[in-house]
Amino acid sequence: MKGLYFQQSSTNGEITFVFQEKENLPITEDNFVKLQVKACALSQINTKLLAEMKMEKDFFPVGREVAGIVLDVGTKVSFFQPDDEVVGILPLDSEDPGLCEVIRVHEHYLVHKPEKVTWTEAAGAIRDGVRAYTALHYLSHLSPGKSVLIMDGASAFGTIAIQLAHHRGAKVISTAYSLEDKQCLERLRSYIARVIDVSNGKVDVAESCLEETGGLGVDIVLDAGVRLYSKDDEPAVKLQLLPHKHDIITLLGVGGHWITTEESLQLDPPDSHCLFLKGATVAFLNDEIWNLSNVQQGKYLCILKDVMEKLSAGVFRPQLDEPIPLYEAKVSMEVVQKNQGRKKQVVQF
């Protein structure tokens, strides 16, 4: 069996994806299940986090969002049995790549896949569903009647967050970074109160949000990155279309929640004072928070189950690209790693 792995250059940090022959799986024991993978979604690999966690290897497995059929179970497995259809996210320290026909997974990282949900939908929605659920339910305590600004709503994550927020009774505002993004969001028009087109760089996001909320500001902001400095001082890799941190603080309402994906966010004393005056909070959306906290395993499984139930009920639908075969995964991962794709890529076995 072949699996996809990546190796990182020690000189320039460049990532190379390679197919490697994988050894036969050991006997399934304890709480592990043997899984025949039917679909695996592709996501960016956070090499910086792996380095910080001292998890660097010569060859690191690729692909973590998997859906498949249970082939065999260990003696201590209590939730699954052979022929069960399951879905889950492999842990950071998984020895097996999701991009492989058969893998071994601890049962605590899997939940049952609803019958109505396809393999590609399950694998393609699970990660972004968990992210949206974490941001809106656990970090910002979304409730009916709240206003939510979801930046870059046309992204794979943004579309799920929009649908989930609307389902909870929120008033949703979103930004579009291009004409294609705007057209995508127009198709979600029934979920969105207002689409702010920032593609030409001339629209003031803060002003638009204050106008939409009658000057009160939004209750929740879910960003897709922010500018920390002026446009002249910002590194070239930063999108000039991203809002400045001051814009986010300005458009936040009293008691508002700012959920940020900017891991290096810097707030100066005047910024903190403004947030203090509004009684606002800042929370960081870390994709791996449930993975890094073993004590939260029960809560994490509840989230996985709820995401699948909502997917099955049609509460949200993932934005998926056409499924691709395993032999194209190497090229597709190179595109995903450079953040050049918009729709979610899923490998179908």
Side-chain angles (χ1 to χ4, degrees), residues 44 128 131-132 135-136 140 142 146-253 256-262 265 285 316-321 335-336 338-344:
Q44 268 190 312
D128 288 328
R131 288 187 74 206
L136 297 174
S140 58
L142 178 65
K146 297 287 187 180
S147 55
V148 185
L149 169 63
I150 298 174
M151 309 295 292
D152 193 17
S155 65
F157 166 61
T159 54
I160 288 182
I162 287 171
Q163 294 171 82
L164 189 57
H166 177 267
H167 174 70
R168 290 287 292 166
K171 177 181 182 179
V172 181
I173 306 168
S174 190
T175 58
Y177 289 165
S178 66
L179 177 60
E180 292 76 14
D181 286 356
K182 187 176 181 181
Q183 291 171 342
C184 173
L185 292 176
E186 288 297 336
R187 292 194 288 272
L188 292 172
R189 196 63 187 176
S190 60
Y191 298 93
I192 306 171
R194 180 167 182 169
V195 176
I196 304 172
D197 184 358
V198 297
S199 59
N200 59 14
K202 297 178 181 178
V203 177
D204 189 313
V205 175
E207 185 178 305
S208 299
C209 287
L210 290 171
E211 178 183 303
E212 185 63 35
T213 58
L216 297 176
V218 298
D219 299 303
I220 299 167
V221 177
L222 178 51
D223 73 34
V226 294
R227 284 190 295 111
L228 304 178
Y229 315 103
S230 65
K231 287 191 176 182
D232 295 333
D233 298 329
E234 198 70 60
V237 293
K238 278 282 189 181
L239 284 173
Q240 296 301 304
L241 297 177
L242 291 178
H244 194 279
K245 59 181 178 180
H246 294 152
D247 296 330
I248 301 292
I249 294 172
T250 299
L251 61 84
L252 263 181
H257 301 282
W258 175 9
I259 314 302
T260 183
T261 58
E262 185 60 60
L265 180 67
L285 180 56
F316 60 78
R317 282 282 176 265
Q319 184 180 223
L320 304 179
D321 216 331
V335 173
V336 170
K338 294 174 183 175
N339 200 25
Q340 294 177 340
R342 295 299 280 166
K343 294 182 178 180
K344 196 76 171 179

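- Judged by distance alone, with hydrogens and angles left aside, the side-chain atoms of Asp204 form a donor-acceptor pair with the main-chain N or O of Glu207 at under 3.5 Å.
- In this structure, Arg227 and Pro243 have side chains that are not in contact, with every pair of non-hydrogen atoms separated by 4.5 Å or more.
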* side-chain contact (heavy atoms from CB on, under 4.5 Å) evaluation trace for Leu242 with Tyr177 -> CA-CA 9 Å; Leu242 291 178; Tyr177 289 165; 3.6 Å; yes

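- Scanning for salt bridge (Lys or Arg N to Asp or Glu O under 4.0 Å) contacts around Asp219 gives an empty result, with sequence neighbours left out.
- Here the CD1 atom belonging to Ile192 is positioned 10.5 Å from the CD1 atom belonging to Ile173, to the nearest 0.5 angstrom.
- Closest of all the heavy-atom pairs between Leu185 and Ala176 is CD1-CB, 3.9 Å.
- Ion pairing between a basic and an acidic side chain is recognised when a charged N comes within 4.0 Å of a carboxylate O; Arg342 and Glu180 show no such pairing.
- In this structure, Arg194 pairs ionically with Glu211, as a charged nitrogen and a carboxylate oxygen lie closer than 4.0 Å.
- When the shell of 6.0 Å around NZ of Lys245 is examined, it contains more than 12 heavy atoms from other residues, nucleotides or ligands.
- Of all heavy-atom pairs between Leu136 and Ala161, the closest is CD1-O, 3.6 Å.
- The two atoms that bring Ser147 and Thr213 nearest to each other are OG-CG2, 4.2 Å, heavy atoms only.
- Closest non-hydrogen pair, Val172 versus Tyr191, comes out as CB-O, 3.6 Å.
- Using a distance-only test at 3.5 Å, with no hydrogens or angles considered, a donor-acceptor pair links the side chain of Lys171 to the main chain of Glu212.
- Side-chain contact between Lys344 and Asp321: absent, with no pair of heavy atoms (C-beta onward) separated by less than 4.5 Å.
- Judged by distance alone, with hydrogens and angles left aside, the side-chain atoms of Thr250 form no donor-acceptor pair with the main-chain N or O of Ala206 at under 3.5 Å.
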* Asked: Run the side-chain contact (heavy atoms from CB on, under 4.5 Å) check on Phe316 and Ile160 step by step: do they pass?
  -> CA-CA 6 Å; Phe316 60 78; Ile160 288 182; 4.1 Å; yes

* To do: Go through the steps to decide whether Ser208 and Val205 satisfy the test side-chain contact (heavy atoms from CB on, under 4.5 Å), and finish with yes or no.
  => CA-CA 5 Å; Ser208 299; Val205 175; 5.8 Å; no

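- The shortest side-chain heavy-atom distance between Lys343 and Leu320 does not fall under the 4.5 Å cut-off.
- Between Leu285 and Thr260 there is no side-chain heavy-atom pair separated by less than 4.5 Å.
- Asp181 and Ser199 share no side-chain donor-acceptor pair at under 3.5 Å.
- Under the 4.5 Å side-chain criterion, counting only non-hydrogen atoms from C-beta, Thr159 is in contact with Leu188.
- Within the 3.5 Å criterion, the main-chain N or O of Val195 finds no donor-acceptor partner in the side chain of Ser174.
- Taking 4.5 Å as the limit, some side-chain heavy atom of Cys209 sits within range of a side-chain heavy atom of Ile196.
- A 4.5 Å side-chain heavy-atom check between Cys184 and Gln319 finds at least one atom pair inside the cut-off.
- Annotation for Lys182 and Asp197: closest pair CD-OD2, 3.7 Å, computed over non-hydrogen atoms.
- Heavy atoms only, all atoms of each residue included: Thr261 and Arg131 are closest at CG2-NH2, 3.7 Å.
- With a 4.5 Å cut-off on side-chain heavy atoms, Val226 and Ile248 count as touching.
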* Check the pair Asp223, Ile259 against side-chain contact (heavy atoms from CB on, under 4.5 Å), reporting the backbone distance first and the verdict last. => CA-CA 6 Å; Asp223 73 34; Ile259 314 302; over 6 Å; no

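- The only member of Val221, Ile220, Leu149 that meets side chain to side chain contact (heavy atoms under 4.5 Å, CB included) when paired with Trp258 is Val221.
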